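In the text below, chain A, chain B and the rest are named by the order of the sequence lines, each starting its count at 1. Since the structure is predicted, the reported quantities are computational estimates derived from the model, not experimental observations.
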Amino acid sequence: MSSELNIIEGESTPITKPAPATHADVKAKVESKNWFYTDIVKDHFFNPRNILINDADAEKLEFDGVGMVGSPACGDGMKMWIKVDKKNDKIVDCKWQTFGCASAIGSTSMLSVMVTENGGVPVQKALELKPMDIMNRLGGLPNRKFHCSVLGDKALRAAINDHFRRSGQTERIIVEGARIIDPDLKITDKDIEEAVLDGADTIEKVQHKLKVGVFNKSCLPAVEELIRFYKEKYFG
Amino acid sequence: MTEKTIYLDNAAATPMRQEVKEAMDPFYVDVYGNPGSFNSVGHEALQQVDEARKTAARILNCAERELIFTGGGTESINLAIKGVAFAKKKGHIITTTVEHHAVLHTCEWLEKQGFEITYLPVDRCGLVTPEQVRDAIRPDTILVTVMYANNEIGTIMPIPEIVKVCKEKRVLFHTDACQAGCSQNLNVKELGVDMFTLNGSKIYGPKGVGLLYVRLGVQLEPLVHGGGQEGGKRGGTENVAGIVGFAKALELSQKEKEQENTRLIKLRDYLTAGLLQHIPKAVLNGHPTKRLPNNVNVSILDIEGEALTLLLNEHGICASTGSACTSGSLEPSHVILATGLPYEFAHGSIRFTMGRDTTKEDIDKVLEVMPAAVQRLRAISPYNLKLEEYISKEEQQAMMEQYTKVIVQ
Ligand SMILES: Cc1ncc(COP(=O)(O)O)c(C=O)c1O
Ligand code: FES
């Protein structure tokens, strides 16, 4: 049953495995737990690495940067803390918390391993990490779950920027070439660009995709303008 | 970690009964005839389809020719709504915001074809009132379609009362009764409906088989044209095994209805009370009493439903969530949003729908596992939302009190 996790009525059991009727049969045959995710994702979901259980620990560990992305209204949220060995410019510890689905948990757990392994990873290398690299280490994610791995990546970038800010290395701060359009949902012009490229050519369609302006209607004129701009740019 | 599977997703699909499977078996290999053929093999098939129709007609208290077998709930709904729309050619249709997508998307499509649709909002419990329907009816209203029971939150709509309004105003009424098949009154004459949809997959019958009752005299344009089957309303060789299985399933679930309802309501209230008691910042979605005997749906703040579902799955518990994160352009439950709760609640929602096989031990297991699973996800959640900011203390208290009353009764 885990192949479809949302409430979608009428999910179907393959005909080769008819849902049996008697009590005993039901229990027996549904037993095989077909996981929606790979074993690696599953392992990281059930045993998340580097998770921060107690908020007070963040203080104790004296982290150098904190980043937070998402919101509970969007159904995802990620907070990440990093500790940097400043002499060697390496990330040596990475802790996180999430309000997110299993893939968000699994992929962020993997990310936290990837940026701290082998005695620490140079900040520059961590910045070069792509969500795709996490995916590969996880053995893949279902298609529509790709964005879940982006969440941890974004939180990491935010944490690294925070570290740059705190340590006075402002010249290293990377502004993601994106401008926040909807401050409540942290939706940027890049998101709108992607949505338009994805075929959303009206404000309704873009809203359907991104929920932009659902909570903050004041940004809608800006969104409309961007849609027009990107439509012109890509589709003439 | 592999334990007994506790299947609590009966609103999505019910396991087919052994008796139903046995009733269907002969119609694949042995009785292979076409009910439309004038030969003995075909005749036998026809007899069995007729027999099934008779059984269904007896249970729904209607004439056999008022029944159309279809390829599922979705098709029945499409036939009812589009069938009336195409027969009338133009006009206004009334429905609710909490319908199944089979209704909502059909209505949205008809809007593009020039029909006007009113989507009635629901209250916090997921109910529409007959007064709302009365106020929405216009001179050009051709159809009102309101679901019998909600598939997500289990709310049972006041169908007889809404029918009364429609009769007064002389407007056709259809109800999607897919979720009501096992537990509610299916007597179409008593309910007074003009059209009525059921499907096999929610009554321990086969998937992909549906039924549409259409009162004699209702003008309906067919959607599937063909060999004149089903009174010319749905062409195509009959799904003989499916129809036989559907009727068998309907018959069996009717027999044990009262007994099962009593048993399930006890379990439902036991589970709800347990969840609300042991899990902080949890709210019940839907109505405390006007709800399906097998449905419990709660929203839990700070945590995400999919992760919770998977944790439960590891304990062998199969449940569903209305969560779907918006950055993936996945739509969270439109039903929970329609009850006026914000997105946070839709993302933290979890639905348990019990069935014939559910025991008290199963529920005890859920109550044992849930608080720990929630705690675990809360521990790793960066949020600590305040319930009072969404739902007033008074409303919370009222819900709890109403609920304790239910339990005591
Ligand atoms: C309320 C409701 N309506 C319609 C349907 C659609 O029925 P089917 O899947 O048989 O097409 C379902 C379930 O799938 C349902 O729960
Ligand atoms: S974070 Fe959106 S579905 Fe996983």
Run the numbers on B/Leu377 and A/Phe99 for side chain to side chain contact (heavy atoms under 4.5 Å, CB included), then give the verdict. CA-CA 8 Å; B/Leu377 292 173; A/Phe99 169 99; over 6 Å; no
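Of all non-hydrogen atoms in B/Pro382 and A/Lys79, the two that sit nearest each other are CB-CB, 3.9 Å. The two residues A/Gly100 and B/Ala307 make their nearest non-hydrogen contact at O-CB, 3.6 Å.
Comparing A/Thr98, A/Ile187, A/Ile51 by how many heavy-atom pairs each has under 4.5 Å with chain B, the most go to A/Thr98. With respect to chain A, the highest number of heavy-atom pairs below 4.5 Å among B/Val20, B/Ile303, B/Leu301, B/Thr74 belongs to B/Ile303.
If you take NE2 on B/His347 and SG on A/Cys101, they are separated by 11.0 Å, rounding to the nearest 0.5 Å. With rounding to the nearest 0.5 angstrom, the OG atom of A/Ser109 is 9.5 Å from the CD1 atom of B/Ile380.
The closest side-chain heavy-atom distance from B/Arg376 to A/Phe46 is below 4.5 Å. Using a 4.5 Å heavy-atom cutoff, the side chains of B/Ser381 and A/Gln97 are not in contact.
Residue B/Tyr383 touches chain A through its side chain alone, counting heavy-atom pairs closer than 4.5 Å. Using a 4.5 Å cut-off between heavy atoms, B/Leu385 touches chain A through its side chain atoms alone.
For CD of B/Glu111, the number of neighbouring non-hydrogen atoms (other residues, nucleotides, ligands) closer than 6.0 Å is greater than 12. Annotation: A/Lys154, atom NZ; neighbour count of heavy atoms from other residues, nucleotides and ligands within 6.0 Å does not exceed 12. Other residues, nucleotides and ligands contribute only 12 or fewer heavy atoms inside 6.0 Å of the NZ atom of B/Lys386.
Taking B/Arg378 as the reference, B/Asp302 meet the salt bridge (charged side-chain N to carboxylate O under 4.0 Å, His left out) condition, with sequence neighbours excluded. Remark: A/Arg165 engages A/Asn161, A/Asp162, A/Ile173 in a side chain to side chain contact (heavy atoms under 4.5 Å, CB included) (not counting sequence neighbours).
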